[in-house]
J.: 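One structure, pasted below without further comment.
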Amino acid sequence: MSVLLVDGDNLLTIGFYGVKNAFHKGAHIGGIYHFLNTLRRSFETYHLDKIVVFWDGLEGSQTRRKIYIHYKENRRQRIRSEEELNSYNHQRDRVKQYLEELFVRQGEYEYCESDDNIAYYTQNSPDENKIIYSSDGDLTQLVSETTQIYNPSHGKIYKKNDTIVYDHEEILIDNVRLVKMICGDSSDNIAGIKGMGIKRFLSLFPEIKTERLTIEQIKEKSNILFEQDKHNKLIANLLTGVTKYGVFGEEFFDVNNRIVSLDEPFLTDEAKENISQLISENLDPEGRSYKNTMRMMMEDGLFNMLPKSEDMWTKFLNPFLRLTRKEKNKKKIKVKIYD
């Protein structure tokens, strides 16, 4: 069983800002088209049996923000025009409607982030071969014998023991989580050790390029380095947990590990139950129709985006038709998809 797990907001954002010049009757449709076309092409490329899209739920960052008040604080400060925000939200809702018609599974749960949803899915589906579609570095920690990740920014799929370019430096994919913990992450507004960028981290611990390291090993080597040079302020900062916000000692390692790690996903019981259903149960075809899909495509002007040919509709929809046949041949059980 081959499954594509999609970080929905990540993929939509790529299309929304990347396909800038796609409009229909004055409305931007780039995000919608790019999203559907990506799923279509992925189905063909990876010979998929199932596609599951997860979305960030309302107040999804709340749990981590209780642990670390600055978490994603910068994102709340980003200013979008009302027109841009309305367009994004419209395309987000519209994509969800398409996915329902196209037999693509999806989940969105209040107080839950898509990263945690994807993590829980991978941890509870040992018999499936999974490909995660996301450019989010957090999800690299989920790579295993049964899980790979496709990074659209790199145009490359990564598997266990691969190296990856992270913040312009090449490191072992298993160490991305460790680097985020120690060096911080500007995209999530996570403060790292003061003065510790990835280049300086690499100069102290070149092993992260080739060996999977733990925080205990980092501390152990840091103590040795400090014994050799007690005037090394950077090592002192690392050992005492100094960030731009103050001196936190062991609390630094505990907090950063909890907000970066996906070992124990922050999910509600409702989310866990619904994700378990998405893994083991099947969708009810009632109410889903390709007539609805084609009507929506006409309304949104997506037909203008297709390569002009007599069979353009068939070529675009064929992968989804095959996905539909796979689902219809299974046991029909209603599944709560998203709130």
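What you see below is based on every heavy atom in this structure, not just the backbone, and it leaves out hydrogens, waters and symmetry mates.
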J.: For Asn117 and Ala271, indicate whether the former's side chain and the latter's backbone hold a donor-acceptor pair under 3.5 Å.
T.: no

J.: Hey, what do you get for NZ (Lys130) to OG1 (Thr122), rounding to the nearest 0.5 Å?
T.: 6.5 Å

J.: Do Gln91 side-chain atoms and Gly31 backbone N/O form a donor-acceptor pair below 3.5 Å?
T.: yes

J.: Quick check: is Leu5 connected to Val143 through a chain of hydrophobic side chains (ILVMFWY, heavy atoms under 4.5 Å apart)?
T.: yes

J.: Could you tell me whether the side chain of Asn274 and the main chain of Glu270 form a donor-acceptor pair under 3.5 Å?
T.: yes

J.: How close do Leu142 and Ile118 get, counting heavy atoms only, and between which atoms?
T.: CD1-CG2, 3.9 Å

J.: Write down the atom of Ile193, the atom of Gly241, and the distance for their closest heavy-atom approach.
T.: CD1-CA, 3.9 Å

J.: Is there a donor-acceptor contact under 3.5 Å from the side chain of Gln141 to the main chain of Leu262?
T.: yes

J.: Do NZ/NE/NH1/NH2 and the carboxylate oxygens of Glu281 and Arg105 come within less than 4.0 Å?
T.: no

J.: Counting only N and O atoms by type, is there a donor-acceptor contact under 3.5 Å from the side chain of Lys221 to the main-chain atoms of Leu204?
T.: yes

J.: Tell me, yes or no, whether the heavy-atom count around Gln217 atom CD, taken from other residues, nucleotides or ligands under 6.0 Å, exceeds 12.
T.: yes

J.: Can you confirm if the NZ or CZ of Arg40 lies within 45° of the ring axis of Phe320 and under 6.0 Å from the centre of its six-membered ring?
T.: no

J.: Assess whether atom NZ of Lys219 is packed by more than 12 heavy atoms of other residues, nucleotides or ligands within 6.0 Å.
T.: yes

J.: Taking only Lys NZ, Arg NE, NH1 and NH2, and the carboxylate oxygens of Asp or Glu, determine whether Lys96 and Glu108 approach each other closer than 4.0 Å.
T.: yes

J.: Can you give me the closest heavy-atom contact between Leu239 and Ser222, atom names plus distance?
T.: CD2-CB, 3.6 Å

J.: In Å, rounded to the nearest 0.5 Å, how long is the span from OH of Tyr33 to CZ of Phe303?
T.: 13.5 Å

J.: Using modelled atom types only, decide if a donor and an acceptor are shared between the side chain of Asp174 and the backbone of Arg212 within a distance under 3.5 Å.
T.: no

J.: Is a side-chain donor-acceptor pair under 3.5 Å present for Ser114 with Asp56?
T.: yes

J.: Donor-acceptor pair, distance only, cut-off 3.5 Å: does the side chain of Asn232 make one with the backbone of Phe226?
T.: no

J.: Is the backbone of Met181 close enough, under 3.5 Å, to the side chain of Asn256 for a donor and an acceptor to pair up by distance?
T.: yes

J.: For Asp188, is there an ion pair with Arg64 - N to carboxylate O distance below 4.0 angstrom?
T.: no

J.: Side-chain heavy atoms under 4.5 angstrom apart, residues restricted to Ile, Leu, Val, Met, Phe, Trp, Tyr: same cluster for Ile14 and Val165?
T.: no

J.: Please answer: with hydrophobic residues joined when any side-chain heavy atoms are less than 4.5 Å apart, are Val242 and Tyr68 in the same cluster?
T.: no

J.: Start with the C-alpha distance between Glu327 and Arg288, add both sets of side-chain angles, then the distance that settles salt bridge (Lys or Arg N to Asp or Glu O under 4.0 Å), and finish with yes or no.
T.: CA-CA 12 Å; Glu327 292 287 5; Arg288 294 181 166 94; over 6 Å; no

J.: Quick one: does NZ or CZ of Lys50 land under 6.0 Å from the six-membered ring centre of Phe43, within 45 degrees of the ring axis?
T.: no

J.: Does Glu299 have more than 12 heavy atoms from other residues, nucleotides or ligands lying within 6.0 Å of its CD?
T.: yes

J.: Regarding Glu169 and Lys199, does a basic nitrogen lie under 4.0 Å from an acidic carboxylate oxygen?
T.: yes

J.: Classify the angle between the aromatic ring planes of Phe35 and Trp55 as parallel (below 30°), tilted (30 to 60°) or perpendicular (above 60°).
T.: parallel

J.: Where the side chain of Tyr98 meets the backbone of Met296, is there a donor-acceptor pair that is under 3.5 Å apart?
T.: yes

J.: Between Tyr290 and Thr324, does a side-chain hydrogen bond (donor to acceptor under 3.5 Å, both in side chains) hold up when you go through it step by step?
T.: CA-CA 10 Å; Tyr290 272 79; Thr324 297; 2.8 Å; yes

J.: Minimum heavy-atom separation for Gly287 to Glu101, with atom names?
T.: O-OE1, 3.8 Å

J.: Would you call Arg177 and Asp185 a salt bridge, taking side-chain N to carboxylate O under 4.0 Å as the test?
T.: no

J.: Given Gln97 and Arg94, is the side-chain hydrogen bond (donor to acceptor under 3.5 Å, both in side chains) satisfied, shown in steps?
T.: CA-CA 5 Å; Gln97 294 173 19; Arg94 195 62 163 167; 2.8 Å; yes

J.: Counting distance only, does the side-chain N/O of Ser203 pair as donor-acceptor with the main-chain N or O of Arg200 below 3.5 Å?
T.: yes

J.: Just wondering, are more than 12 heavy atoms of other shown residues or ligands nearer than 6.0 Å to NZ in Lys194?
T.: no

J.: Can Lys315 and Glu310 be counted as an ion pair, charged N to O under 4.0 angstrom?
T.: no

J.: Ignoring hydrogens, what is the shortest heavy-atom contact between Val104 and Leu283? Give both atom names and the distance.
T.: C-CD1, 4.5 Å

J.: What verdict does the salt bridge (Lys or Arg N to Asp or Glu O under 4.0 Å) test give for Asp162 and Lys156, after you've listed the backbone C-alpha separation in whole Å, the side-chain angles of each residue and the deciding distance to 0.1 Å?
T.: CA-CA 11 Å; Asp162 278 350; Lys156 183 178 178 181; 5.9 Å; no

J.: Among Val179, Ile182, Leu172, Val176, find the one that has a side chain to side chain contact (heavy atoms under 4.5 Å, CB included) with Ile208.
T.: Val179

J.: Got a sec: does the NZ of Lys233 have more than 12 other heavy atoms crowding it under 6.0 Å?
T.: no

J.: Is it the case that Glu83 and Ser87 place a side-chain donor and acceptor less than 3.5 Å from each other?
T.: no

J.: What verdict does the side-chain hydrogen bond (donor to acceptor under 3.5 Å, both in side chains) test give for Asn124 and Ser276, after you've listed the backbone C-alpha separation in whole Å, the side-chain angles of each residue and the deciding distance to 0.1 Å?
T.: CA-CA 8 Å; Asn124 291 275; Ser276 295; 5.9 Å; no

J.: Throw together a table of side-chain donor-acceptor distances under 3.5 angstrom for residues 15-23, partners on residues two or more places apart or in other chains.
T.:
residue: Tyr17; atom: OH; partner: Arg80; partner atom: NE; Å: 3.0
residue: Tyr17; atom: OH; partner: Arg80; partner atom: NH2; Å: 3.2
residue: Tyr17; atom: OH; partner: Glu84; partner atom: OE2; Å: 2.8

J.: Set out, in order, the CA-CA distance, both residues' side-chain angles and the distance that settles side chain to side chain contact (heavy atoms under 4.5 Å, CB included) for Arg295 and Asn292, then state yes or no.
T.: CA-CA 5 Å; Arg295 173 184 54 79; Asn292 292 340; 3.9 Å; yes

J.: Pick out which of Val3, Ile51, Ile131 makes a side chain to side chain contact (heavy atoms under 4.5 Å, CB included) with Tyr46.
T.: Ile131

J.: Same hydrophobic cluster for Ile224 and Leu238, using side-chain heavy-atom links shorter than 4.5 Å among ILVMFWY?
T.: no

J.: Taking the six-membered ring for Trp, are Tyr158 and His154 parallel (under 30°), tilted (30 to 60°) or perpendicular (over 60°)?
T.: perpendicular

J.: Given side chain to side chain contact (heavy atoms under 4.5 Å, CB included), test Ile164 with Ile149 step by step and report yes or no.
T.: CA-CA 11 Å; Ile164 187 172; Ile149 186 167; 5.8 Å; no

J.: Under a 4.0 Å threshold between the charged nitrogen and the carboxylate oxygen, would Glu145 count as salt-bridged to Lys160?
T.: no

J.: Determine, stepwise, if the pair Leu278 / Phe54 fulfils side chain to side chain contact (heavy atoms under 4.5 Å, CB included).
T.: CA-CA 11 Å; Leu278 290 175; Phe54 286 110; 3.9 Å; yes

J.: Looking only at side-chain N and O atoms, does Ser134 offer a donor or acceptor that is under 3.5 Å from a partner on Tyr150?
T.: no

J.: Lys66 vs Tyr71, test: side chain to side chain contact (heavy atoms under 4.5 Å, CB included). Steps then yes/no.
T.: CA-CA 9 Å; Lys66 287 179 179 178; Tyr71 181 68; over 6 Å; no

